[in-house]
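Here the structure is a predicted model, which means the values were calculated and not measured. Sequence lines set the chain letters: A, B, ... in the order given, protein chains first and strands last, and positions in each chain run from 1.
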Amino acid sequence: MTEIIVVTSGKGGVGKTTTSAAVGTGLALKGHKTVIIDFDVGLRNLDLIMNCERRVVFDFVNVIKGESTLKQALIKDKRVENLYILPASQTRDKDALTVEGVQNILDELKTEFDYIVCDSPAGIEKGAIIAMYFADRAIVVTNPEISSVRDSDRILGILHSKTLRAEQGREPVQENLLLTRYDPERVEKGEMLSVQDVEEILAIPLLGVIPESKAVLRASNQGIPIIHDAESDAGQAYEDAVRRFLGENVEHRFLSAVKKGFFSRMFGGRQ
Amino acid sequence: MSFLDYFRTKRPTSAAVAKDRLQIIVAHERSHKGQPDYLPALQRDLLAVIRKYVPIDEDQISVSLDKAENCEVLELNVTLTSDSPAAAAMS
Ligand SMILES: Nc1ncnc2c1ncn2[C@@H]1O[C@H](COP(=O)(O)OP(=O)(O)OP(=O)(O)O)[C@@H](O)[C@H]1O
Ligand SMILES: [Mg+2]
């Protein structure tokens, strides 16, 4: 059975694309045939994070409009077996995505893939609604910050009412919280909402906590999904999250501040 | 409270303030979930009409839409305090 996963948040810039690339890559590395779809029509970015921007010929909207086949639009990842990317279109036409068009593509992908990861655009407009409409599971990406948490709560409300599962009265979309850009040091100083605070407010199961990390920007600069950087805290945290996603019981890490030694305080230390 | 206690009671951290604010706004927004978009405007208009006759505050009126078996019920609640003229006239 194919699972459709939406990576969503409401608020922009919280780490959806970073997460889609990391989780999609992680699933493929575990042997599951995976495709990541960029739903951010007009603002394509997944291609850069996945380092395939120069190989985009056809896109999502070309396939919907029948201008290319799905096979022609899918880009095979150069690093990982079993991993494909379906890039977003750069069109400014907001109505380019249609529910029927998306459904047809998903139905065709379902015959080939184990996991379909949908990288949602920000907001609660049409693009975000279509990205979550067919989802079986949702990864709600949230920053420990007041407006991000509020927007995540709104997104949860929409997942409960505006998805196909909700409309058909089927079992609801399985929701998971992924708290990203977490800074344990600031949490300990009382300057940042803690993971417990956010869990208490949103009341959905925690998939993982990704620390604020310089490695993320370094990875995106190079077009290497962060999960490939097994040395980095963020890379390891995503790896843990993927294992939890697949049902493994993995203890949470990177939740408390690292005690800095004399030398790292003097010279900045790692990361 | 002793003089020393005054210095011991710490002010809440900014994260604690954020959490309190979030809990309030999220509870408020959840209670309005699934309600049609026109309700706030309808409530404003009704408030204006009622105020022509009785002085009431915004929090004395509430409008909500409930789903019953196979119909929808638009419910309007207006609470009159004992010092509002209408309530006084009735007692
Ligand atoms: N754990 C992290 N540590 C540090 N920086 C991060 C982390 N996660 C994401 N970022 C940075 O945050 C920025 C936004 O990330 P990303 O593009 O993944 O967000 P997004 O939710 O997809 O944004 P949009 O809503 O615009 O699609 C990027 O610059 C990224 O490098
Ligand atoms: Mg994005």
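- The greatest number of non-hydrogen atom pairs below 4.5 Å with chain A, out of B:Ala16, B:Ala18, B:Pro12, B:Ala27, is found for B:Ala18.
- Nearest heavy-atom pair across B:Ser14 and A:Glu191 is OG-CA, 3.8 Å.
- Applying the salt bridge (Lys or Arg N to Asp or Glu O under 4.0 Å) test to every pair with at least one member in residues 42-59 of chain B, sequence neighbours left out, gives no pairs at all.
- With respect to B:Arg21, the side-chain contact (heavy atoms from CB on, under 4.5 Å) criterion is satisfied by exactly one of B:Val17, B:Ile25, B:Ile24: B:Val17.
- Heavy-atom distances place the side chain of A:Arg154, and not its backbone, under 4.5 Å from chain B.
- For the side-chain hydrogen bond (donor to acceptor under 3.5 Å, both in side chains) criterion with A:Asp136, the lone passing option out of A:Arg170, A:Arg165, A:Gln174 is A:Arg165.
- Looking at heavy atoms from C-beta onward, A:Phe134 lies out of side-chain contact with A:Val6 at the 4.5 angstrom threshold.
- Put simply, of A:Ile201, A:Leu156, A:Leu202, the one with the most heavy-atom pairs under 4.5 Å next to chain B is A:Ile201.
- With a 4.5 angstrom heavy-atom cutoff, A:Asp197 touches chain B via backbone and side-chain atoms both.
- Residue A:Glu200 touches chain B through its side chain alone, counting heavy-atom pairs closer than 4.5 Å.
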